[in-house]
Amino acid sequence: MASLVGSRVERKEDKKLLTGRGKYTADVTFAHQTYAYFVRSPHARAQIKNVDISKASKASGVVAVLTGKDIANDKIGGLIAGWRIKSEDGSDMKVPAHPPLASESVNYVGDHVAVVIAESLDEARNAAELVKVDYKVLKAVVKTDEAMKSDSIYKDIPKNLCFDWLLGDRAKVKEAFDSADKIIKVDLINNRLVPNAMEPRAANADYNPSTEEITLYTTSQNPHLARIIISAFNAVAPENKLRVIAPDVGGGFGSKIYPYAEEVVCSWASKKIERPVKWVADRTESFLSDCHGRDHVTHAELAVKNDGTFLGFKNETIANIGAYASVFATVTPTYLFGPCATGVYKMPAAYSNVKAVFTNTAPVDAYRGAGRPEATYTIEVLVEKAARELGMDPAEIRMKNFPTEFPFQQTLVHSVDSGDYNAGLKKAMEVADYKGFEKRKKDSEANGKIRGIGFCTYFEACGIAPSAVVMSLGCGIGLWESAEVRFNPTGNVTVFTGSHSHGQGHDTTFAQIAADQLGVPLENIEISHGDTDKGPFGYGTYGSRSLTVGGTAIVKACDKIIAKGKKVAAKMLEVNESDVEFKDGEFIVAKSNQKKTIGEVAFACYLPGTYGEVKSPLPEGEEPGLKETSFFDPGNFSFPAGSHICEVEIDPDTGTTEVAKYTAIDDFGTIINPLIVEGQVHGGLAQGIGQALYENCHYDDSGQLVTASYMDYTMPRADNFPEFNLGFTCTPATSNPLGTKGCGEAGAIASPPAVMNAVMNAIGTDISMPATAEKVWNACQKMKKSNSKAA
Amino acid sequence: MKTFNYHSTNDVKEATKLASSNSAFLAGGMTTIPSMKLGLASYKDIIDIKRIKKLSGIKVSGKSVIIGATTKHVEVANSKEIKKAIPSLAALAEGIGDPQVRNRGTIGGSIANNDPAADYPSACIALNATIHTSSRKITADKFFAGMFETALKKGELIQSVEFQVPEKSCYQKYPNPASRYAIVGVYVAKHKNGVNVGVTGAKSCVYNEKNIASALSKSFSSSAIDNVKIPSSGMNSDIHASAEYRANMVKIFAKKAVDAC
Ligand SMILES: Cc1cc2nc3c(=O)[nH]c(=O)nc-3n(C[C@H](O)[C@H](O)[C@H](O)COP(=O)(O)OP(=O)(O)OC[C@H]3O[C@@H](n4cnc5c(N)ncnc54)[C@H](O)[C@@H]3O)c2cc1C
C-alpha cells in the first residue's frame, strides 16, 4: 500500500467549508434563544461611578440586564493569567484583578461593563444604548515606551510594571562586549497587530435547569482549556456540568486560545435566566476586544569581531501587554521570545531583559508566532545591519555563525535536536537566484525603481509541549496532547484528538497519519475534535503543536490498537502472537501466509461470542471492543528553521513598496501533506508581509482605537503578494516518531525581517514597521538629497 | 439597526414627494446601509429608487456621455461605448472599491454622498459635468459644496450626470492601502478650451487644481508641472498620509496622468 504520508492529499474539509456547509457557533440557535449585547467602555480609562439599568431593563424585548455588581455578587471568578513569571529580583509578577464585567473601573476602550439580554439582537442593542454609565474619565496610559513613566493604572502596581524579567547572564555579556571589535545597535518597534480572524468571536451558552448542565458553543482554538478555566477559575459550573463545543472555527491566529469575558458571561447569564444566551461579535467589537499581538519596543546590541564572528547579544525590551494579563500574555514576551532572540547562531553570551507593562489598551496575547516573530525580527535586523557595517555579504556573515553540530545547545534555553542551516541557506540562494540580483537591480533602476534584497535565517521553538519544561518555567498547565482511536464494529475508524482545527487541516493530515498506521483507506477515517464530551482532554491548537504533539498521540494510540489486534488475530488464526506481523492493514503469519484484515479483527473484537461458524476470537482475559487512548508528552520542543530571501521594488516617487520576489526554504522535518504545509506557509507569509508593510494597530493619545475597521486597518490582500517560491529541506525531528516540526507559524516569523531587510537594503537607512509608502518616500527624499550633495 | 419605513417607487415625482428631512434615497446602498448598521446614521424613511427605470442607463454621443443616476459602477466599467468615448471614465469605475461594491454602487449615490475620497467627483470636475436633477441642472463646479455636502436640496433627486467628452484624459489614483478609496486621485482632462485637473482625496472636498491646470493649458506635458508648487496647507492629514505627502502626491499623480494620456 502506498504511503499517504508525504502526499498532496486535498483537504477533506474544504468541500464543506467552501460550499457554506460548515457549522459555526453563530449558526447554532437553540429553542428559546436570547441574544446578548455588551455595553462596553467608550473610555480608555475611567472609574465607574454608577450604572443605571432602569430604562434599559424596561425596554422592548429585554430579558435581563446584568452588571459587574451582579457577577461579583454571584462570586464568578475573574479572568486569569496562565503563566507565572518572576522578575530578575525574584519577585512575582503583578497582575490586576480582571472581572468579566467591570464594576469599579474600565481600562480600555471596549472593556465590558454590562450585558443586555433580549429576545432579539436588535432589541438588545437598542436597550444597551439606554444603559447609563456614569464615568469619571482618567488620563489614559497608551504608549508602550511611556507606560513606566506614566500614572499607575492600578494602585498596587507601581510604574505599570507587570514584571522585569531576565534570561541570561549580564556579566558574561559585558565581558563579550568588552572584547568586541564592533558593537552593532538597533532600536526597533515591533508594531502592534490585530489578529483579524475571518470569523468573529462568538458564544452560545445553553443551560438546562433539570440536568444543571451548560452546553457552551464557542469560537475556541482550545475547548478543553475553556472548560477548565470557566469551571475551575470562573466557577460558573463544575467541569462535569460544562460541555464546551468549538465547532467549525474560522481562524484564530492565537486570538481564540483562551476564554474571554463573553464566554464566561454568557454561560453564567444562561444559568441565571435559564435560557440560552447567544453573543456574536461584530467586526468593530473584534477590533476592540480580541487580544492584539506584538507591541514591543526593543533596544538590542550585537558584539562582533571584524571577521563577522558573533561574540555576544543583549536585548532590552518593553512589551505592552495591554490593560490586563490574559492567559498567554506573560509567556509570549518572555519564554517564547527571549530564548529565540539569539537566532539561529552560535552566540557565546546573551541576555534578554523584558519589562512587561500595562497600558489602557486591549490585552495583548499570543498572535501567530507569539514571541518568536519579535525575537527573529530583533536578531535578523541586527545581523543584517552587522553585515552592512562590516561590509560583509549577508549570507556569509550568517553562515559564519551557524552551528553545524546537532544537538545544538542554544545560548539561552533550547537544545536544538536537528537542523542543517547551511543547506537551507544555500538552497534559498539558489532558488532566489541571488547571483542574478545585481542585474535585476539594474533593470529596476532603468525603470526608475529601487530594488533591495533582504535575508532572514530563523529557527523557532514550537510544538509547544514538554510539560516538565513549560511547568518549570511557570506554565500553570501541562501541555501534552491526547488521542483516542476508535474502531467502529464495521471496520471504519473515528479518531478523537484533543487539538483543534480552525484552518490547519487536521481532518486531512491526521487522517493520513491514521490511514498509514492502520492500513485503512483515508475515506474510512473521520477526525473528531472540538467537543469536550466526545474525546479525551487535550490542550488545543496553537504554537504549531497539533501535529508534533497531537499527531504523535494518534500514532501511539494506533500502536496500541495494533498490539491488541495482534493478540486477537493470533487467536483467530490459531497461531502464537509472536508469529503475527502487521503490515498495510493486515495481520499476517509469514510462515503460512494466513491473514486477517484489521477490519475483520475489529469486527471480531465487537462480537466476542460464538455464533454459528464464528468462534470467539478474544484471548482469555482480553476485553471486547477496539479503542485505544494515548497521551503524548514529548521530551522537547520542535525546532523548525529556514532561510527566506525577499526582494522588494520601491517606487521612489510615491514610496510604494512591492514585494517583487519571495523565496522561502523551510525545514519542517518530515512533511505529512505538502499541500497543506505550503498553504500554512502562504498564510504565514501573508501575515508577516502584512506586518512589515501594511498592518498597524493605532491608538490615539486618549486611548481611542483609530484603526477599528478595515477602512483604516490595512489588511494585506492577494494582490499585495507575488507568487511565492517555496521549497523544503528536511532534517527529521528526533523528539517525535513522525519526525515532524511545526509549520504553522514559520511564515509569520521569518517574513517581517526578510521584507524589512530588503527595504532597508534598498533605501540605505533604518525604518520601522510597517514600511508605509509615506515613510519610505521620506527616506527616498533624504537619500536623494544626500546623493545630490555627494555629487 | 434602528427600524425604518421602506418605500419603493418607480416614479421620480413620487420619490421626491416621499422625501423628508429624515429620509434617504436608496440606490446601491453601499454607503447608506453600512452607516445605518454602524449606527452612524438612522432614517425614518428609506426610499428605494432602483425601480425607477429612466434613472438607469448610458447614452453616448460625439460630445457627451450621459450616465443615469442608478447606473452601477460595473456597468460604466464594462460599457464599450464609454470605453471608446472616455476610456479614463470606464477605468475610474473599474477602480472603485471591490467587485461587490461595483456590482451595487451607483454614480448618483457616489456624487450625492460626495465623500472627500470618492473617485467620481474628480471626473465630474475634470469632464465639466452637468448634474441633471429632478428640478434643475447643476454644473460640477457648483455641485460639490464641501465635505459630504452638495448643492442638492432636500428631496432633490439626481437623474443623470452628463460628461463632456475631452480630447484626452486620464485618472490616476493612489489608493488608501486599507480602504482603497483615494488618498489622492487626480483626473486630468484636456478639452479644446483648456485643461481641468480634478483632485480628490487630498482636501475636504474635490477641487480643480488650477495651478497645474494652467501650466498644462500652456504645455500639455508632465515636465510642465515640474515647477508648479502645491502647498500642503488645506490638505487632509491622517494616519495614512500627512498633508505634505498628499501635496506631493497631487503633483506626482498629475504627472503620471499626463504621461498616461
Ligand atoms: C467597501 C467599500 C469600498 C468603496 N470604495 C470606494 C472607492 O474606492 N471609491 C469610491 O469612489 N467609492 C467607494 N465606495 C463607495 C461606493 O462607490 C458607493 O457606491 C457610493 O458611496 C454610494 O453609492 P450608492 O449607490 O451605494 O448610494 P447609497 O448608499 O444608496 O446612497 C448614498 C447617499 O446618496 C443619496 N443618493 C443616492 N442616490 C441618489 C440620487 N439619485 N439622487 C440624490 N441622492 C441620492 C442617498 O440618499 C444617500 O444619502 C466604497 C464603498 C464600500 C462599501
Side-chain angles (χ1 to χ4, degrees), chain A residues 37 42 60-61 120-123 125-129 191 194 196 282-285 287 448 651-658 689-690 693-700 704-720 770-781 784, chain B residues 1-4 30-31 34-40 42 95 97-101 115-118 172-186 201 222 225-226 232 235-260:
Chain A
Y37 191 82
S60 149
S120 72
L121 178 59
D122 278 340
E123 287 168 312
R125 197 191 318 230
N126 290 340
E129 283 176 21
N191 44 327
V194 181
N196 278 305
D282 57 33
R283 190 51 74 178
T284 311
E285 283 182 293
F287 271 100
D651 178 348
D653 288 341
T654 61
T656 321
T657 300
E658 188 196 330
I689 295 170
L693 297 180
Y694 308 108
E695 297 185 47
N696 195 36
C697 173
H698 182 82
Y699 282 94
D700 72 10
Q704 292 296 329
L705 183 61
V706 179
T707 49
S709 81
Y710 294 130
M711 295 301 279
D712 288 306
Y713 187 89
T714 310
M715 288 294 281
R717 307 187 199 189
D719 65 356
N720 293 128
T772 58
E774 180 164 6
K775 277 192 216 167
V776 173
W777 179 77
N778 277 322
C780 291
Q781 296 302 105
K784 245 194 222 160
Chain B
M1 207 190 287
K2 296 268 158 62
T3 53
F4 55 85
M30 290 290 96
T31 296
S35 38
M36 288 168 76
K37 280 175 77 176
L38 287 168
L40 300 172
S42 62
D98 48 42
Q100 287 86 344
V101 170
D115 188 305
Q172 289 284 330
K173 167 178 176 177
Y174 175 51
N176 178 317
S179 71
R180 303 218 171 165
Y181 273 85
I183 282 201
V184 162
V186 183
S222 62
I225 309 173
D226 280 340
S232 61
M235 294 274 171
N236 297 331
S237 181
D238 52 38
I239 55 165
H240 301 289
S242 67
E244 293 72 32
Y245 183 71
R246 277 194 168 85
N248 276 288
M249 289 312 118
V250 168
K251 197 158 141 176
I252 297 285
F253 280 79
K255 289 177 67 160
K256 280 185 195 282
V258 173
D259 284 338

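Here is the naming used below: chain letters follow the sequence lines, and residue numbers restart at 1 for every chain. All values below were derived from every heavy atom in this structure, side-chain atoms included, with hydrogens, water molecules and symmetry-related copies excluded.
- A salt bridge is absent between Arg717(A) and Asp98(B): the closest approach of a Lys/Arg side-chain nitrogen to an acidic carboxylate oxygen does not fall below 4.0 angstrom.
- Within the 4.5 angstrom heavy-atom criterion, no atom of Thr772(A) approaches chain B.
- Ionic pairing of Arg180(B) and Asp719(A) is present here: one or more N-O contacts between side-chain nitrogen and carboxylate oxygen are shorter than 4.0 angstrom.
- In this structure, chain B has a heavy atom under 4.5 Å from the side chain of Asn720(A), while its backbone stays farther away.
- A distance of 10.0 Å separates CD in Gln781(A) from OH in Tyr245(B), rounded to the nearest 0.5 Å.
- Neither the backbone nor the side chain of Ser709(A) comes within contact range of chain B; no heavy atoms are under 4.5 Å apart.
- Ion pair Arg246(B)/Glu774(A) not flagged as a salt bridge, since none of the NZ, NE, NH1 or NH2 atoms sits closer than 4.0 Å to an Asp/Glu carboxylate oxygen.
- Under the 4.5 Å side-chain criterion, counting only non-hydrogen atoms from C-beta, Thr654(A) is in contact with Phe253(B).
- Of the possible donor and acceptor atoms, none in the side chain of Tyr181(B) sits under 3.5 Å from a partner among the backbone N and O of Met711(A).
- Neither the backbone nor the side chain of Thr3(B) has a heavy atom closer than 4.5 Å to any heavy atom of chain A.
- Heavy-atom distances place the side chain of Asp122(A), and not its backbone, under 4.5 Å from chain B.
- Lys37(B) and Arg125(A) make their closest contact through O-NH1, 4.3 Å (heavy atoms, listed as atom of the first residue, atom of the second, distance).
- Using a 4.5 Å cut-off between heavy atoms, Asn126(A) contacts chain B through its side chain alone, with no backbone atom that close.
- At a 4.5 Å heavy-atom cutoff, the contact between Lys256(B) and chain A is made by side-chain atoms alone.
- Nearest approach of Ala178(B) to Asp712(A), heavy atoms of both residues: CB-C, 3.8 Å.
- Interface remark: Glu695(A) contributes no atoms to any contact with chain B (heavy atom separation under 4.5 Å).
- The nearest pair of heavy atoms linking Asp653(A) to Met249(B) is O-CE, 3.3 Å.
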Stepwise side-chain contact (heavy atoms from CB on, under 4.5 Å) test for Trp777(A) and Asn248(B): CA-CA 10 Å; Trp777(A) 179 77; Asn248(B) 276 288; 3.1 Å; yes
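- Residue Leu38(B) touches chain A through its side chain alone, counting heavy-atom pairs closer than 4.5 Å.
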